[in-house]
Amino acid sequence: MKVGVLAVQGAFAEMETYWRGKGAETFEIRQRADLERGMDVLALPGGESTVQGKLLKDLGLFAPLKERIGGGLPVFAVCAGLILLAEKIDDPGSRTDTRPERWFGVLPVTVRRNAYGRQLGSFTTRGTFDGQPDFPMTFIRAPAITEVAPQVEVLSTFDGAPTAVRWCNVTAFTWHPELN
Ligand code: GLN
């Protein structure tokens, strides 16, 4: 399996290590030409979603990636990646930039950014993921999913709220599966 890892900002190195550990071939997506290599999976790493959104636009990556996501390319999205995919941001008073040229906005969920507090809001817990119990889950300035459309499958929850979801070709996490 060939995994294209978005590598403009954030925890892309951890994402590559994770996929290589699973036996996949990985390459970094830093510019438009990288997309010519073709991929079976697009991995969107954690990081700072507003920065990633701006860089996606500035580097000319946004439109071709959005087209591939819409075309059914499997997407594995972590944290900031999930935020960029979310249809709605529930962030009253924030300066989250959801302009359509930098926010994919395709996943029918609502997220609230930095929902567990700022830097100190990072923690690891264990829970059930996709039927598998005692799964380690590391949250780093994580968003909360506050609403999901009925067609979205919930794979894990924390305090009753969804923390990982699957919808069509997208699997997305508010926590960092690649770190544990
Ligand atoms: N807090 C970041 C954001 O709002 C996401 C953090 C992460 O990706 N671990 O974009």
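Remember, it's 1-based here, ligands and their atoms both numbered in the order they're listed.
- Lys88 contributes atom NZ, which lies 5.0 Å from atom CD of Glu147 (distance to the nearest 0.5 angstrom).
- Within a 6.0 Å radius of NZ in Lys22, other residues, nucleotides and ligands contribute 12 heavy atoms or fewer.
- Protein residues lining ligand 1, listed by chain and number: Gly46, Gly47, Glu48, Ser49, Cys79, Ala80, Ile83, Arg113, Asn114, Ile140, Arg141, His176 [non-hydrogen atoms, distance under 4.0 Å].
- Residue Lys66 qualifies as enclosed at atom NZ: its count of foreign heavy atoms under 6.0 Å is above 12.
- Shown here is Gln151, whose CD atom has more than 12 heavy atoms of other residues, nucleotides or ligands within 6.0 Å.
- Contacts of Trp175 classified as side-chain hydrogen bond (donor to acceptor under 3.5 Å, both in side chains), with partners at least two apart in sequence or in another chain: Ser156, Thr163.
- Looking at Asp58 and Arg102, no side-chain N of the basic residue comes within less than 4.0 Å of a carboxylate O on the acidic one, giving no salt bridge.
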